[in-house]
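Report on the structure given below.
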Protein chains: 2
Amino acid sequence: MTALEMSTRHGETCPLDTTLNILNGKWKSIILCRLMNHELRYSELLRSLPGCTRRMLSLQLLQLEHDQIIKKEIDSSFIPIKTSYHLTELGQSLVPIIQAMDNWGANYIKTLNKKKSSNAIVR
Amino acid sequence: MTALEMSTRHGETCPLDTTLNILNGKWKSIILCRLMNHELRYSELLRSLPGCTRRMLSLQLLQLEHDQIIKKEIDSSFIPIKTSYHLTELGQSLVPIIQAMDNWGANYIKTLNKKKSSNAIVR
DNA sequence: CGGGATCCCCCCAGATACTG
DNA sequence: CAGTATCTGGGGGGATCCCG
């Protein structure tokens with residue numbers, strides 16, 4: 001089921017939910033981070049995601065592909081075959097949002113840490 | 001467990017993950033949408049979220065509160081007591097991101113629909 | 001190398017009942 | 001009114017094996 005179908009099955013479509021459904025997934029956001037600058041092969045992605053199983057990587061990649069955020073390229077002229085993944089145009093258009101969320105997250109973390117240390121002083 | 005703790009327990013902290021952990025949750029995004037413009041009471045929120053159980057609403061509100069995105073106000077001078085929820089400053093700072101994600105989602109949906117109809121013509 | 005199929009466990013969330 | 005407590009099942013995800 002695509003992110004779009006997920007967010008439209010309840011009657012009214014909430015575009016925000018569609019976006020979150022696309023990014024929602026244990027490894028999707030970090031996968032997109034990895035693919036932001038250059039394409040990567042399956043095994044390269046796997047190695048760059050400590051703790052991610054092959055099953056999970058495949059599932060997450062499949063969903064991102066169904067949502068047309070990434071595209072798979074297969075080079076079967078060699079054995080063993082090589083596959084690589086890269087962002088589609090739609091995926092590229094998501095990059096600014098991802099960066100904005102990353103920036104916001106960094107600021108959020110800083111703010112919380114600041115609060116914590118000032119609380120420590122009060123104590 | 002807060003969104004920050006969730007995203008830091010694996011060693012390296014990914015701010016993007018922190019942000020997504022905050023928004024990640026079946027009802028959180030739509031709750032934030034409801035609270036974007038004005039505070040709301042618990043029962044008002046519940047009524048504005050068809051399909052959301054009281055249990056789920058309580059859990060989601062609790063998490064958003066722990067992440068310091070929203071704040072609960074209790075007026076116990078009356079019986080029955082009245083509680084209301086509103087965005088914190090941190091929560092307010094998230095609004096532009098939410099709107100950007102909403103806009104992107106709307107465009108995404110349009111793009112997919114356009115593709116689908118052009119495919120229909122080809123067929 | 002790059003997956004898919006299968007089994008299985010645990011946790012999330014729904015239903016229901018109770019409370020200050 | 002504004003929540004908690006308890007029980008329960010269904011699905012997400014890990015482990016393992018298989019395949020082109």
Side-chain angles (χ1 to χ4, degrees), chain A residues 1-3 5-7 9-10 17 20-31 34-35 38-67 70-86, chain B residues 1-3 5-7 9-10 17 20-31 34-35 38-67 70-86:
Chain A
M1 176 178 270
T2 66
E5 288 164 352
M6 273 191 62
S7 54
R9 90 195 118 136
H10 291 309
D17 255 347
L20 285 169
N21 283 333
I22 289 174
L23 296 175
N24 234 332
K26 219 177 175 187
W27 300 94
K28 288 189 190 171
S29 58
I30 188 166
I31 287 173
R34 299 287 187 254
L35 293 180
H38 37 70
E39 67 170 32
L40 284 173
R41 297 186 47 189
Y42 179 84
S43 51
E44 292 174 321
L45 269 170
L46 191 61
R47 254 176 287 131
S48 77
L49 305 174
C52 183
T53 63
R54 274 184 299 165
R55 171 193 152 85
M56 276 314 292
L57 180 55
S58 298
L59 287 176
Q60 303 278 295
L61 288 172
L62 211 54
Q63 289 181 26
L64 286 171
E65 201 186 350
H66 283 156
D67 288 335
I70 64 174
K71 185 149 184 358
K72 172 162 50 164
E73 228 60 73
I74 306 183
D75 180 358
S76 50
S77 61
F78 298 99
I79 290 180
I81 61 172
K82 300 181 177 185
T83 67
S84 63
Y85 294 87
H86 61 89
Chain B
M1 175 178 271
T2 67
E5 288 164 353
M6 272 191 63
S7 54
R9 90 197 118 139
H10 292 308
D17 255 348
L20 285 169
N21 283 334
I22 289 174
L23 296 175
N24 235 333
K26 218 176 174 189
W27 300 94
K28 288 189 191 171
S29 58
I30 188 165
I31 287 173
R34 299 285 188 257
L35 294 180
H38 37 71
E39 68 170 34
L40 283 174
R41 299 186 45 189
Y42 180 84
S43 50
E44 291 173 321
L45 269 171
L46 193 61
R47 255 176 287 130
S48 77
L49 305 174
C52 183
T53 63
R54 273 182 300 169
R55 170 194 152 84
M56 275 315 291
L57 180 56
S58 297
L59 288 176
Q60 304 277 294
L61 287 172
L62 212 54
Q63 289 181 27
L64 286 170
E65 200 185 353
H66 282 156
D67 289 334
I70 64 174
K71 185 148 185 358
K72 173 163 48 166
E73 227 61 73
I74 306 184
D75 179 359
S76 49
S77 61
F78 298 98
I79 289 181
I81 61 172
K82 299 182 178 188
T83 67
S84 62
Y85 294 87
H86 60 89

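The shown structure was predicted, so the numbers you read here are calculated from the model rather than taken from an experiment. Proteins get letters first, then strands, A, B, ... in listed order; numbering begins at 1 in each.
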Of all the choices, [options], which nucleotide is nearest to the side chain of [X] once you look at every atom?
| X | options | answer |
| --- | --- | --- |
| Ser58(B) | dG3(D), dA15(C), dA15(D) | dG3(D) |
| Arg54(B) | dA15(D), dG14(C), dC18(C) | dC18(C) |
| Pro80(B) | dG14(D), dC1(D), dG2(C) | dC1(D) |
| Thr53(B) | dC1(D), dA15(C), dG13(D) | dA15(C) |
| Met56(B) | dG3(C), dG14(C), dG2(C) | dG14(C) |
| Tyr85(B) | dA2(D), dG3(D), dC1(C) | dG3(D) |
| Lys82(B) | dA2(D), dG14(D), dG3(C) | dA2(D) |

Could you check if a side-chain atom of [X] sits within less than 4.5 angstrom of a side-chain atom of [Y], using non-hydrogen atoms only?
| X | Y | value |
| --- | --- | --- |
| Leu23(B) | Lys28(B) | no |
| Tyr85(B) | Ile31(B) | no |
| Leu45(A) | Arg34(A) | yes |

At what distance, to the nearest 0.5 angstrom, does CG of Leu64(A) lie from CG of Leu59(A)?
11.0 Å
How many angstroms lie between CG in Asn21(B) and CE in Met6(B), if you round to the nearest 0.5 Å?
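The CG atom of Asn21(B) sits 4.0 Å away from the CE atom of Met6(B).
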Between the opening five pairs and the closing five pairs of the helix from dC1(C)-dG20(D) to dG20(C)-dC1(D), how far apart are the helix axes, to 10°?
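Both end axes considered, the difference amounts to 50°.
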Within this structure, what is the [atom1]-to-[atom2] distance between [X] and [N], rounded to whole angstrom?
| X | N | atom1 | atom2 | result |
| --- | --- | --- | --- | --- |
| Leu57(B) | dA15(C) | CG | P | 15 Å |
| Lys26(A) | dG14(D) | NZ | P | 4 Å |
| Tyr42(B) | dT4(D) | OH | P | 8 Å |
| Glu73(B) | dA2(D) | CD | C1' | 15 Å |
| Met1(B) | dC12(C) | CE | C1' | 16 Å |
| Arg47(B) | dG3(D) | CZ | P | 14 Å |
| Ile74(A) | dG4(C) | CD1 | C1' | 14 Å |

Would you check if the side chain of Asp67(A) reaches a backbone N or O of Ala3(A) as a donor-acceptor pair within less than 3.5 Å?
yes
Does Gln60(B) use its side chain to pair, donor to acceptor, with the backbone of Trp27(B) at less than 3.5 Å?
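Yes, because the side chain of Gln60(B) sits within donor-acceptor range (under 3.5 Å) of the backbone of Trp27(B).
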Between Arg55(A) and Leu61(B), which has a closest nucleotide on DNA chain D that is more 5'?
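Here Leu61(B) is the residue nearer the 5' end.
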Distance test, side-chain N/O of Ser43(B) to OP1/OP2 of dA2(D), below 4.0 Å
yes
Using a cut-off of strictly less than 4.0 Å, decide whether Lys72(A) has a side-chain nitrogen or oxygen near OP1 or OP2 of dG2(C).
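Looking at the OP1 and OP2 atoms of dG2(C), neither is under 4.0 Å from any side-chain N or O of Lys72(A).
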